[in-house]
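Letters A, B, ... are given to chains in the order of the sequence lines, protein chains preceding strands, and every chain is numbered from 1. Predicted, not measured: the structure shown is a model, and the values here were computed from it.
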Amino acid sequence: MRAVTRVMSRIALLQIDSVNVVRRAHYLPLFSRLGPYDVEFLHRAAGTAPRRFFEYWGHEASYLRVDLQPALRFRMAEAADVAWGSMRRVWAEQPDLVSSVLDEVATRGPLTAREIEHDAPRTKEHWGWNWSHVKIALEWLFYSGQVSAARRNSSFERVYDLPGRVLPRSVIDTPTPSPAEAHRTLVRAAAKAHGVGTGQCLRDYFRLKPKPTADAIAELVEAGELLPVAVEGWKRPAYLWHAASLPRRADACALLSPFDSLIFERGRTERLFDYRFRLEIYVPAPKRVYGYYVYSFLLGERIVARVDLKGDRHLGALLVQGAWAEPAAPTETPQRLWAQLESLAGWLGLGDVAVAPRGDLGPALKALADST
DNA sequence: CTATCACCCACATTCCACAG
DNA sequence: CTGTGGAATGTGGGTGATAG
């Protein structure tokens with residue numbers, strides 16, 4: 001068994017080969033480790049022929065490389081068993097609605113949910129979201145692969161269309177792999193992205209089920225693609241991607257969105273970075289520890305700070321509503337963070353960065369704000 | 001014309017109990 | 001210990017209609 005230090009694991013992790021996206025991209029960017037140039041590239045790549053990315057359920061709602069589409073068809077085929085309850089119900093109880101919505105997309109698409117005229121009632125289930133039955137039908141069709149997302153509109157709503165008009169011909173023509181082969185493909189992709197990870201990490205990347213993932217891992221170990229390793233301080237066995245490179249150091253400098261693949265598996269984040277992160281957008285305001293939408297600041301190979309950000313278009317400013325240093329923060333943290341905040345504001349088309357001096361980094365950032 | 005408002009959409013996490 | 005299922009949690013923002 002080869003031993004891997006935690007520092008090596010952190011560095012290996014920084015090589016990302018797929019991009020997880022995307023909510024609320026208009027006021028806060030979730031392509032957080034990509035610069036403006038890369039975001040342009042991603043939009044172009046997702047929106048023009050031949051398309052390089054498509055939207056589907058990966059880890060969660062994600063842009064995925066189109067060549068992974070065949071490996072996700074098993075999930076589409078399982079939709080009747082694994083999709084959320086409201087979707088399964090609309091499929092079982094209102095088949096006519098589902099087929100008329102599909103017809104509408106086929107004849108008039110691409111379309112958003114809003115553009116399909118209807119007086120179907122709305123529901124209020126689960127998360128307090130308030131979907132119309134037409135929207136649920138569309139999401140059912142999306143989950144089961146009968147429609148795809150052509151793009152998002154300016155309100156970030158999904159624009160649905162038939163897969164044949166969204167995906168490249170070569171992808172449509174690719175035969176469907178067996179579920180076992182599909183799992184190997186997805187575990188490979190996860191392993192490349194992680195460098196080093198536990199079975200848990202590899203499974204969570206595409207939200208796979210335990211049994212088929214364990215089988216895929218065993219087969220990839222057998223084939224020499226994954227190497228069993230022990231990571232310093234980790235209780236569970238880990239796997240090293242055979243081709244992972246281990247640079248001597250990492251010079252990252254980036255604001256990570258709460259949904260960034262670097263930190264979306266919270267247990268892994270804690271084991272690698274000694275950094276506890278929890279999403280607080282669904283926490284009632286008085287119970288929040290840090291804030292509604294908190295970015296983590298990656299510097300070098302450590303997470304050294306977190307900031308609660310809000311883009312205020314009306315004021316034309318990026319609001320820093322709080323800033324906190326982590327124990328690993330070096331002295332240059334405020335300056336490096338400030339530069340990233342200015343860059344982010346520029347990318348969002350916001351002229352200013354306004355700092356409220358909340359949190360232990362607040363005063364230092366405020367001083368930098370006042371001096372510019 | 002601007003301000004306001006209603007409407008619609010956004011689909012994740014975390015804790016906990018319990019079964020195997 | 002691992003996995004699973006249930007329960008509980010929110011507000012931001014774009015758009016287009018309407019009021020003033």
Starting at atom OH of A:Y293, determine the distance to atom C1' of C:dG12, rounded to an integer number of angstrom. 11 Å
Please report, rounded to the nearest Å, how far the P atom of C:dG14 is from the CZ atom of A:R114. 12 Å
Students often get this wrong, so: under 4.0 angstrom with heavy atoms, is A:F277 touching a base, only sugar-phosphate, or nothing? sugar-phosphate
A:F206 and A:H183: aromatic ring centres closer than 6.0 Å? no
Classify A:Q200 by what it touches in the nucleic acid, base, sugar-phosphate, or nothing, heavy-atom distance under 4.0 Å. sugar-phosphate
When you check the phosphate oxygens OP1 and OP2 of C:dT9, does a side-chain N or O of A:R278 lie under 4.0 Å from one of them? no
In whole Å, I'd like the distance from the CD atom of A:E270 to the P atom of B:dT14. 10 Å
N/O (side chain, A:K209) to phosphate O (OP1/OP2, C:dG3) under 4.0 Å: no
Nearest whole Å is fine: how far is C:dA8 C1' from A:E280 CD? 16 Å
Would you kindly give the NZ-to-P distance between A:K287 and C:dA8, to the nearest whole Å? 12 Å
Ion pair check, A:E139 and A:K135, cut-off under 4.0 Å: yes
Once pairs are restricted to Watson-Crick or G-U wobble with both distances under 3.5 Å, how does DNA chain B read as a dot-bracket string, [ ] for crossings and | for other-strand pairs? ||||||||||.|||||||||
Output the rounded distance in Å from OH (A:Y290) to P (B:dT14). 14 Å
Would you say a side-chain N or O of A:R236 is under 4.0 Å from OP1 or OP2 of C:dT2? yes
Do A:R75 and A:E78 meet the salt-bridge criterion of a basic N to acidic O distance under 4.0 Å? no
What's the gap between B:dA10 and C:dT9 when it is taken at their C1' atoms, as a whole Å value? 15 Å
Measure from the side-chain N and O atoms of A:T269 to the backbone N and O of A:E265, and report whether any donor-acceptor pair falls under 3.5 Å. yes
Any Lys/Arg nitrogen of A:R73 or A:E181 sitting under 4.0 Å from an Asp/Glu carboxylate oxygen of the other? no
Give the cluster check for A:L138 versus A:M76: same hydrophobic cluster or not, with ILVMFWY residues linked at side-chain heavy-atom distances below 4.5 Å. yes
Length of the OH-C1' vector between A:Y292 and C:dT11, whole Å: 4 Å
Whole-Å distance between B:dA10 C1' and A:R158 CZ? 9 Å
Distance under 6.0 Å and angle within 45° of ring axis: A:R271 vs A:W234: yes
